[in-house]
Asks: 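Below you'll find the structure I mean.
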Amino acid sequence: MNEIFLSPYNPLSTEQTIYKLWEDSGFFNPDVCIEKGLTAVDADYFSIVLPPPNVTGTLHMGSAYMLALEDIMVRYNRMLGKKTLWIPGTDHAAIATQSKVEKIIQKAEGVNRHDLGREAFLGRVEKFAQESHDTIVDQMKKMGCSLDWSREAFTLDEKRNLAVRTVFKKMYDDGIIYRGHRIVNWDPKGQTTISDDEIVYQEEKTKLYYLTYGPFTIATARPETKFGDKYVVMHPDDTRYTQYSHGEQISLEWISGPITATIIKDESIDMEFGTGVMTITPWHSVVDFEMAERHNLDKEQIIDKYGKLLPIAGEFAGMKIADARKGILEKLKSKGLLTKEEDYVHNIATAERTGGIIEPQIMNQWFIHVNKEFPYPHDNMPHVQKGEMVTLKKLMLSVVENNDIEIIPDRFEKVYTHWIGNLRDWCISRQIWYGHQIPVWYKGDEIYCDVTPPTEPGWEQDADTLDTWFSSGLWSFSTLGWPNTGNSVKGKTGPENDFANYHPTTVLETGYDIIFFWVARMILMSTYTVGQVPFQHVYLHGLVRDTQGRKISKSLGNNIDPVDMIEKYGADAVRMALVIGTGPGNDSKMSEDKLKAYKHFANKIWNITRFVLSNTDNSPLQKQEVPLTDTDQTLLAEFKTLIADIKQDMDTYRFYLAGEKLYGYIWHRFADVIIEESKAKLPDPATAVSTQYMLRYILEKSLVLLHTFMPFIT
RNA sequence: GGGAGAUUAGCUCAGUUGGUAGAGCAACUCGUUUACACCGAGAAGGUCAGAGGUUCGAGUCCUCUAUCUCCCACCA
């Protein structure tokens with residue numbers, strides 16, 4: 001017996017050297033496993049792409065949970081003999097990373113990105129991203145992740161950029177991507193558009209002001225936007241206003257003087273709210289914009305992109321809207337137009353990353369058309385025929401409704417389909433610098449879109465970059481060699497054949513909080529671009545919260561660094577604590593008590609091993625069958641039943657159960673009962689050999705089973 | 001406004017198709033037996049939120065109620 005077993009288990013001193021051994025072995029690379037005869041060339045495959053962590057700093061416990069779950073799946077399938085690929089990578093996270101670096105340089109040097117200029121600023125961002133990347137990779141290795149580092153990817157590297165440009169061009173040619181003046185979510189603070197999903201609503205207590213608008217009374221929470229309102233809208237069935245007809249013009253006195261207003265009848269009006277009459281501001285409200293589109297009404301800009309009032313506001317022009325409100329109210333009051341005000345609670349839209357208050361604006365931006373019909377060009381989707389007229393929405397719905405993709409837990413299928421139902425065109429252009437620049441060039445009125453720039457002089461590239469989720473959406477296939485997959489052959493080894501061998505990926509394992517951001521976008525991109533689902537199963541994990549059940553956030557300062565926990569309790573204990581007791585889709589709380597318990601378990605395993613080795617080391621134990629006592633036969637049969645049970649749990653994604661059963665068996669059955677009873681049987685020549693065989697068998701198999709959960713100690 | 005989830009031992013949470021309630025931590029008693037005190041043995045602790053229903057049998061299925069959490073939409 002190795003004398004290492006004489007002292008308690010020390011994870012810190014062993015984990016790093018063990019990870020090194022794994023890396024040197026090359027077994028995380030499926031090609032090496034095939035070369036060395038560990039995996040059959042024609043074996044089934046199992047593949048996962050790692051949800052790439054944002055290069056905005058360090059990993060948190062939530063990422064550690066994700067890594068633990070995925071490594072468990074990957075090691076399990078690799079041990080089953082499947083060709084197993086787990087691709088590592090990181091995400092440039094465009095706006096998140098840019099705003100983080102902007103904050104850093106603002107604080108440290110008092111400069112903003114415009115002071116530095118595009119090129120110099122991007123240099124800073126790249127340096128920051130590189131440092132974050134290195135930290136994150138180190139953290140992933142400390143967690144014991146069996147990722148194939150030879151295939152590492154970055155959402156903004158050259159290969160992924162080629163994939164982005166290729167998809168953009170294809171969508172542009174198909175009319176799926178279009179440029180147009182449409183209402184978008186403008187963040188005056190970040191000076192960029194953001195998508196609907198990047199909006200965070202915050203409750204605000206304010207006033208609802210009632211204003212006299214000719215013969216009507218209208219209510220508004222934002223008097224500063226009302227300068228240009230020249231349409232007054234009511235429900236066609238509202239009996240209070242039957243004397244007014246659609247299109248009728250009336251003259252009235254408004255904020256800056258007399259105006260002519262037009263009556264509009266629209267069924268979207270809620271007769272119950274306020275007076276049942278409202279004026280509209282199509283340039284700065286999504287709902288009003290849609291109404292204006294329906295009736296072909298004029299739209300006028302009131303607020304500029306810095307959040308300041310335009311000349312239409314008369315003496316208030318140039319003022320920030322928040323500053324102007326008071327003066328505007330006074331003016332309304334003095335003109336006798338303000339009749340009533342009451343307390344009002346509503347939600348205001350803010351930008352997730354900058355906290356800026358969103359001001360809807362009509363702008364010329366790039367969009368992905370989710371409702372445009374086109375003939376489906378691929379012929380390998382089980383429930384969509386080649387040539388069938390589809391939309392991106394239909395594709396996204398079809399694969400989940402037909403179970404081409406299984407979502408675990410299944411209640412999220414409803415969440416997903418409901419979200420698709422409400423989906424609007426996706427605004428993909430961003431006025432930030434860090435990201436994939438849009439592959440479109442302009443010369444006067446001419447537009448040129450291609451994978452490569454135009455060769456003639458005089459063309460200028462669109463300055464905007466793409467929403468970070470555009471490149472993330474391609475992740476399942478951009479990491480597998482696409483678009484250079486022309487010679488990709490199933491059954492042949494090497495990265496050039498990855499697409500044929502490993503796509504669709506087997507499982508996407510990620511947090512339920514990014515089902516819309518990412519899961520849906522990957523489904524959109526993959527079914528459209530390569531005619532395959534991106535993954536066959538989606539396993540959604542919950543959030544890891546702090547001991548008080550709060551969300552981990554920077555402002556609360558309650559982030560636990562997994563590396564600190566690994567140093568204190570060992571990576572194996574961290575993995576067990578994260579995985580056990582938490583089913584898919586459920587949030588969990590991280591407590592040090594739980595970590596301590598699994599560190600003790602690691603030590604228990606250590607001592608079990610020490611006992612078994614010291615009692616079987618010098619025995620003539622061979623691989624061949626040993627005549628077993630009835631007792632030992634029963635014990636082994638019981639153990640084999642457990643293995644079958646655990647295998648079933650593993651196959652049905654119930655890792656939390658499998659881990660708990662292993663824990664319970666090893667500690668409270670094997671150690672507390674079987675080993676205790678063996679102490680009487682070992683010295684007896686009649687039972688010694690059988691007992692030794694039985695102990696050794698259970699120990700070795702237990703370690704194998706436990707390896708997926710606790711790879712280092714086992 | 002729409003939807004989802006939770007409510008089980010003092011605390012944190014498991015409990016897969018309905019069949020005698022489980023784990024970790026904490027607390028209690030005993031034990032320092034040559035794998036382990038990062039241990040073992042034992043005992044204690046729950047009308048499984050409440051009410052009704054289905055069933056031979058319900059924490060598990062159905063209905064309603066209460067409380068909490070989250071997601072989506074966002075009304076001038």
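Within every chain, numbering begins at 1; the chains are lettered A, B, ... in the order of the sequence lines, protein sequences first and strands thereafter.
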Asks: What residues form a side chain to side chain contact (heavy atoms under 4.5 Å, CB included) with A:Ser678, not counting sequence neighbours?
Replies: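 Side chain to side chain contact (heavy atoms under 4.5 Å, CB included) check on A:Ser678 returns A:Phe611, A:Ile675, A:Leu682, A:Thr691, A:Leu695.
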
Asks: Rounded to whole Å, how long is the line connecting atom NE2 of A:His235 with atom C1' of B:rC75?
Replies: 13 Å

Asks: Determine the interatomic distance between C1' on B:rC68 and the same-named atom on B:rA26; round to the nearest Å.
Replies: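 Approximately 25 Å lies between the C1' atom of B:rC68 and that of B:rA26.
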
Asks: Tell me the interatomic distance from A:Glu272, atom CD, to B:rC75, atom P, rounded to whole angstroms.
Replies: 18 Å

Asks: Is a salt bridge present between A:Lys596 and A:Glu592, judged by a nitrogen-to-oxygen distance below 4.0 Å?
Replies: no

Asks: Quick one: stems involving RNA chain B, counted as three or more successive Watson-Crick or G-U pairs, both distances short of 3.5 Å.
Replies: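 The stems that RNA chain B takes part in, listed by first number, are B:1-7 with B:66-72, B:10-13 with B:22-25, B:28-31 with B:39-42, B:49-53 with B:61-65.
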
Asks: Send over the distance from A:Met576 CE to B:rC25 C1', rounded to a whole Å.
Replies: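 Value for this atom pair: 16 Å.
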
Asks: Is the distance between the ring centroids of A:Phe709 and A:Tyr663 under 6.0 Å?
Replies: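 Judged by ring-centre distance (under 6.0 Å), A:Phe709 and A:Tyr663 do not meet the cut-off.
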
Asks: Can you check each nucleotide of nucleotides 10-16 of chain B against protein heavy atoms at under 4.0 Å and return B for base, S for sugar-phosphate only, - for none, in 5' to 3' order?
Replies: --SSSSB

Asks: Please tabulate, for side-chain N and O atoms in residues 282-290 of chain A, each donor-acceptor pair with protein atoms closer than 3.5 Å (sequence neighbours left out).
Replies:
unit_1, atom_1, unit_2, atom_2, d
A:Trp283, NE1, A:Gln361, OE1, 3.1
A:His284, ND1, A:Pro360, O, 2.9
A:His284, NE2, A:Ile302, N, 3.0
A:His284, NE2, A:Ile303, N, 3.1
A:Ser285, OG, A:Val287, N, 3.4
A:Ser285, OG, A:Asp288, N, 3.2
A:Ser285, OG, A:Asp288, OD1, 3.4
A:Asp288, OD2, A:Thr281, N, 2.8

Asks: When rounded to the nearest Å, what value does the distance between C1' atoms of B:rG42 and B:rG57 take?
Replies: 32 Å

Asks: Centroid separation under 6.0 Å, is that true for the rings of A:Tyr665 and A:Phe639?
Replies: yes

Asks: Quick test of your reading of the model: are A:Arg294 and A:Glu267 salt-bridged, counting only N-O distances below 4.0 Å?
Replies: no

Asks: Base contacts versus sugar-phosphate-only contacts with protein, heavy atoms under 4.0 Å: please encode nucleotides 26-44 of chain B as B, S and - from 5' to 3'.
Replies: ---------BB-BSSS---

Asks: A:Tyr512 vs A:Phe412 aromatic rings, parallel, tilted or perpendicular, using cut-offs 30° and 60°?
Replies: parallel

Asks: Does B:rC71 have OP1 or OP2 sitting under 4.0 Å from an N or O in the side chain of A:Tyr512?
Replies: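 Answer is no, no contact under 4.0 Å.
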
Asks: State which of B:rA4, B:rC75, B:rG24 makes the closest approach to the side chain of A:Arg411.
Replies: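 So the nucleotide nearest the side chain must be B:rA4.
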
Asks: For a quick test of your reading: what N or O donor-acceptor pairs under 3.5 Å do the side chains of residues 205-213 of chain A make, sequence neighbours left out?
Replies:
unit_1, atom_1, unit_2, atom_2, d
A:Lys207, NZ, A:Asp343, OD1, 2.7
A:Tyr210, OH, A:Glu342, OE2, 3.1
A:Tyr213, OH, A:Asp229, O, 2.8

